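Let me begin by presenting the structure, written as structure tokens, before commenting on it.
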Amino acid sequence: MEFVERTVHIGKISFPYISGFFSFREGEGTIRAYQKLNHKPDLLMINACGITHPANAGFTSHIGVVLDKPTIGITKRIFCGRAKMPQKEKEAQPLYHEGTQKGWLLKVLPETKPIVITVGHLTSTRSCLDITKKCLRGNKMPEPLRIAHRCAGEEKKKRGKRGGT
DNA sequence: GCGACAG
DNA sequence: ATCTTGTCGC
């Protein structure tokens, strides 16, 4: 895995942040940034939940359907579902929602809270965990999200106080 | 009724 | 997300 390309979309937000309705706020900007890519990825890793959602389709699932691409959702805390708390480093516990497993809680680092891995679109619980593990590079968050988050921060700094990430 | 609530 | 003191590891 190596960095290939990054694109940025700057625009006015047209919908407030409402838990459960993330797509309305972040959808357009995400799609536009995606459209600017010269090299389309095989899979998208997104900082939002997938099927562990009240409607069984969070932002990560939504983007996957719109772009017809596999997606994996990574969040810092559980939105929907329940799981045992993994204790040991690299330990993963299944995340259940409405009776079935829809993701994982992965203890990436020994002294930080586990990350939440949620199935997005065209991926399985198994592939979500495998792929996420392969994207770890010694930090809590998988490398694609770390880079994207840092990129957003730099862009924001460059342009002054505006928008969210 | 109260608290919690992806980013 | 944003704000923010002190602490810890590389």
Side-chain angles (χ1 to χ4, degrees), chain A residues 6-34 43-67 69-83 85-86 89-90 92-98 100-123 125 128-129 131-132 135-165:
Chain A
R6 77 166 148 189
T7 57
V8 175
H9 170 73
I10 304 295
K12 187 173 186 284
I13 228 64
S14 59
F15 199 84
Y17 167 71
I18 301 175
S19 181
F21 298 86
F22 219 46
S23 300
F24 294 94
R25 176 183 169 86
E26 309 283 332
E28 184 183 341
T30 302
I31 296 295
R32 293 210 172 167
Y34 177 86
L43 177 149
L44 301 181
M45 185 171 276
I46 299 177
N47 185 11
C49 64
I51 61 177
T52 51
H53 182 276
N56 293 314
F59 182 56
T60 295
S61 311
H62 192 155
I63 290 295
V65 172
V66 171
L67 298 178
K69 287 280 180 180
T71 59
I72 295 176
I74 303 290
T75 62
K76 291 178 180 175
R77 50 189 188 183
I78 294 174
F79 182 40
C80 285
R82 288 194 61 171
M85 188 61 69
E89 184 176 1
K90 296 180 117 184
Q93 286 291 344
L95 173 62
Y96 297 100
H97 180 48
E98 294 183 349
T100 57
Q101 188 190 352
K102 298 186 175 179
W104 303 86
L105 231 50
L106 177 63
K107 184 80 170 174
V108 178
L109 300 175
E111 294 304 318
T112 57
K113 290 191 297 181
I115 59 172
V116 182
I117 300 172
T118 102
V119 171
H121 184 56
L122 302 176
T123 48
T125 50
C128 277
L129 182 59
I131 292 169
T132 299
C135 290
L136 296 174
R137 291 291 184 278
N139 299 105
K140 175 174 178 174
M141 294 300 273
E143 207 61 8
L145 291 180
R146 264 194 83 233
I147 293 174
H149 191 260
R150 184 170 52 70
C151 173
E154 290 171 356
E155 212 60 40
K156 197 189 298 181
K157 198 171 187 178
K158 192 188 304 179
R159 295 166 177 276
K161 297 179 179 179
R162 298 176 220 201
T165 52

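On a predicted model such as this, the values are computed, not experimentally measured, just so you know. Protein chains get the first letters and strands the later ones, always in sequence-line order, with residue 1 at the start of each.
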**Asked** NE2 of A:His121: more than 12 outside heavy atoms within 6.0 angstrom?
**Response** yes

**Asked** Can you tell me if the side-chain N/O atoms of A:Lys156 get under 4.0 Å from OP1 or OP2 in C:dA1?
**Response** no

**Message:** Is A:His149 close enough to C:dA1 that one of its side-chain N or O atoms is under 4.0 Å from OP1 or OP2 there?
**Reply:** yes

**Asked** Is the CZ atom of A:Phe21 crowded by more than 12 outside heavy atoms at less than 6.0 Å?
**Response** no

**Item:** Rounded distance (Å) that lies between atom P of B:dA6 and atom NE2 of A:His97
**Value:** 14 Å

**Asked** Between OG1 of A:Thr60 and CD1 of A:Ile72, what distance do you get to the nearest 0.5 Å?
**Response** 9.5 Å

**Fill in**
Atom CD of A:Glu26 and atom C1' of C:dA1 are separated, to the nearest Å, by 10 Å

**Asked** To the nearest Å, how far apart are A:Phe79 CZ and B:dA4 C1'?
**Response** 10 Å

**Request:** Could you tell me the separation between the CG atom of A:Asn139 and the P atom of C:dC8, rounded to a whole number of Å?
**Result:** 20 Å

**Message:** Using a 4.0 Å heavy-atom cut-off, does A:Gly73 contact any base of the nucleic acid, only the sugar-phosphate backbone, or nothing at all?
**Reply:** nothing

**Asked** Separation of A:Leu44 atom CG from B:dA6 atom C1', in whole Å?
**Response** 17 Å

**Request:** Please state how far atom CE in A:Met141 lies from atom P in C:dA1, giving the value in whole angstrom units.
**Result:** 9 Å

**Prompt:** B:dA6 P sits how many Å from A:Lys113 NZ, rounded?
**Reply:** 11 Å

**Item:** Whole-Å distance separating the CD1 atom of A:Ile18 from the C1' atom of B:dA4
**Value:** 16 Å

**Prompt:** Can you check whether A:Tyr17 stacks with the B:dG7 base, using ring centres under 5.5 Å and planes within 30°?
**Reply:** yes

**Message:** One pair to check against salt bridge (charged side-chain N to carboxylate O under 4.0 Å, His left out): A:Glu154 and A:Arg6. What are the steps and the verdict?
**Reply:** CA-CA 13 Å; A:Glu154 290 171 356; A:Arg6 77 166 148 189; 3.4 Å; yes

